[in-house]
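Written out below as structure tokens is the structure these notes cover.
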Amino acid sequence: MFNLDTFRIFSRAVALGAVAVSAIAFAGAAKAAPVQLFPFFQPLPPFAAPQPVQPYQAPTYQTEPSDDQDAVEMPARFRRQTVSYATREAPGTIIIDTPNTYLYYVLGNGQALRYGIGVGRDGFTWSGTQSVTRKAEWPAWTPPPEMIARQPYLPRHMAGGPGNPLGARAMYLGGTIYRIHGTNAPDTIGKRVSSGCIRLTNDDVSDLYSRVNVGTKVIVLPMTERRAELGTATR
């Protein structure tokens, strides 16, 4: 016989079981893939830690002449060489042959060491006798007022170094504004381009510098005194 009370108890048990099963299934799904409450907010990318700032390091200058600076192919007659040279000047004297763009360092016994040089352009050559009053390695350059007046764009002072127009060495002549110095433009050797200074390649000026003392006599021949090429190579 059908019992109504028994049926009601059985129905409630089935309903509670279904709820329990649903709850367990929901909890398992939630554990496997948590629900995002605000899916439109995207997580920010990881932020890289800032790198430490490296201290500034000033460029270093060379302490010796660079072979690269004098790598220009030099005409044979402008290469440093020992030649026959007749003169009454004492060994150690420097003679600037302006018209032929040579510098002679007198060795004695009818010989001299000859260097190719660059000299003053038209209107800027000079002549006379001076002496070396100061020597400097990788000299700083302070253009004289006369040069600034002609070329106001020039720097008022430039520290010594490979970029300095005086090159690797300089020998200052008397109380004048002129010097015998190196150059970072070796292709100007044999040309008339300066404001009166005598220039050699950095390699040659370093060689001459090692031979010259303060007090060395320097004779600069005038441009008008053009002679036949003096000096025949001996080695």
Side-chain angles (χ1 to χ4, degrees), residues 65 78 80 85 87-106 112-186 188-227 230:
F78 292 135
R80 183 171 73 240
Y85 190 73
T87 180
R88 295 181 180 179
E89 299 296 336
T93 302
I94 292 174
I95 301 175
I96 307 295
D97 183 352
T98 307
N100 289 309
T101 61
Y102 292 136
L103 181 152
Y104 292 95
Y105 178 80
V106 178
L113 195 56
R114 189 179 74 188
Y115 305 81
I117 59 174
V119 298
R121 59 186 182 273
D122 289 345
F124 288 88
T125 58
W126 58 284
S127 61
T129 300
Q130 293 291 338
S131 62
V132 174
T133 51
R134 185 164 74 90
K135 299 170 60 181
E137 299 184 10
W138 292 108
W141 181 45
T142 302
E146 300 91 332
M147 186 177 289
I148 293 293
R150 293 191 304 269
Q151 300 166 285
Y153 53 84
L154 291 175
R156 275 31 180 185
H157 181 79
M158 183 181 290
N164 191 300
L166 297 185
R169 305 287 186 269
M171 288 153 277
Y172 297 77
L173 303 180
T176 72
I177 61 173
Y178 304 119
R179 290 152 289 213
I180 298 171
H181 63 78
T183 179
N184 297 307
T188 61
I189 299 303
K191 299 178 182 177
R192 298 171 176 83
V193 294
S194 78
S195 294
C197 286
I198 308 302
R199 61 176 65 178
L200 298 85
T201 65
N202 280 338
D203 186 55
D204 279 354
V205 80
S206 297
D207 180 85
L208 181 65
Y209 185 96
S210 68
R211 302 171 187 272
V212 169
N213 298 315
V214 171
T216 291
K217 182 180 180 181
V218 179
I219 301 171
V220 180
L221 301 178
M223 191 67 184
T224 54
E225 192 176 329
R226 190 172 186 91
R227 315 178 193 178
L230 299 177

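Note that the numbering runs from 1 along the sequence shown for the chain. Not measured: the values here are computed from a predicted model.
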For the side chain to side chain contact (heavy atoms under 4.5 Å, CB included) test, which of Val106, Thr93, Ile95 pairs with Lys217?
->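 The single option meeting the side chain to side chain contact (heavy atoms under 4.5 Å, CB included) with Lys217 is Thr93.
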With a 4.5 Å heavy-atom cut-off, do Arg179 and Pro139 have their side chains touching?
->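 Answer no - side chains too far apart.
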Straight-line distance of [X] [atom1] to [Y] [atom2], nearest 0.5 Å:
X      : Y      : atom1 : atom2 : answer
Met171 : Ile198 : CE    : CD1   : 11.0 Å
Leu221 : Tyr104 : CG    : OH    : 9.5 Å
Tyr102 : Ile96  : OH    : CD1   : 13.5 Å
Leu103 : Leu113 : CG    : CG    : 9.0 Å
Met223 : Asn100 : CE    : CG    : 8.5 Å

List for me each residue that meets salt bridge (Lys or Arg N to Asp or Glu O under 4.0 Å) alongside Lys135, sequence neighbours excluded, and say none if there are none.
-> none
Between the side chain of [X] and the main-chain N/O of [Y], is any donor-acceptor distance below 3.5 Å?
X      : Y      : answer
Asn202 : Ala168 : yes
Arg192 : Pro99  : yes
Thr133 : Tyr172 : yes

Minimum heavy-atom separation for [X] and [Y], please, with both atom names.
X      : Y      : answer
Leu173 : Thr176 : O-OG1, 2.7 Å
Thr125 : Gly120 : CG2-O, 3.3 Å
Leu166 : Asn164 : N-OD1, 2.9 Å
Arg134 : Ala136 : NH1-CB, 4.1 Å
Cys197 : His181 : CB-NE2, 3.4 Å

Partners passing side-chain hydrogen bond (donor to acceptor under 3.5 Å, both in side chains) against Asp207 (at least two apart in sequence or in another chain) | Tyr115, Arg211
Under the side-chain contact (heavy atoms from CB on, under 4.5 Å) criterion, do Arg80 and Asp203 qualify, and how do the steps go?
-> CA-CA 10 Å; Arg80 183 171 73 240; Asp203 186 55; 3.4 Å; yes
Looking at residues at least two apart in the chain, or sitting in another chain, which of them share a ring-ring contact (aromatic ring centres under 6.0 Å, His included) with Tyr178?
->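 In terms of ring-ring contact (aromatic ring centres under 6.0 Å, His included), with neighbours along the sequence ignored, Tyr178 is linked to Trp126.
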Going through the distances and angles, do Ile94 and Leu208 end up as a side-chain contact (heavy atoms from CB on, under 4.5 Å)?
-> CA-CA 10 Å; Ile94 292 174; Leu208 181 65; 4.3 Å; yes
Can Phe78 and Thr201 be said to form a side-chain contact (heavy atoms from CB on, under 4.5 Å), step by step?
-> CA-CA 10 Å; Phe78 292 135; Thr201 65; over 6 Å; no
Could you walk me through whether Thr183 and Ile189 pass the side-chain contact (heavy atoms from CB on, under 4.5 Å) check?
-> CA-CA 9 Å; Thr183 179; Ile189 299 303; 4.3 Å; yes
Indicate whether the side chain of Ser194 and that of Arg199 have a donor and an acceptor atom separated by less than 3.5 Å.
->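 Judged by distance alone, the side chains do not pair up.
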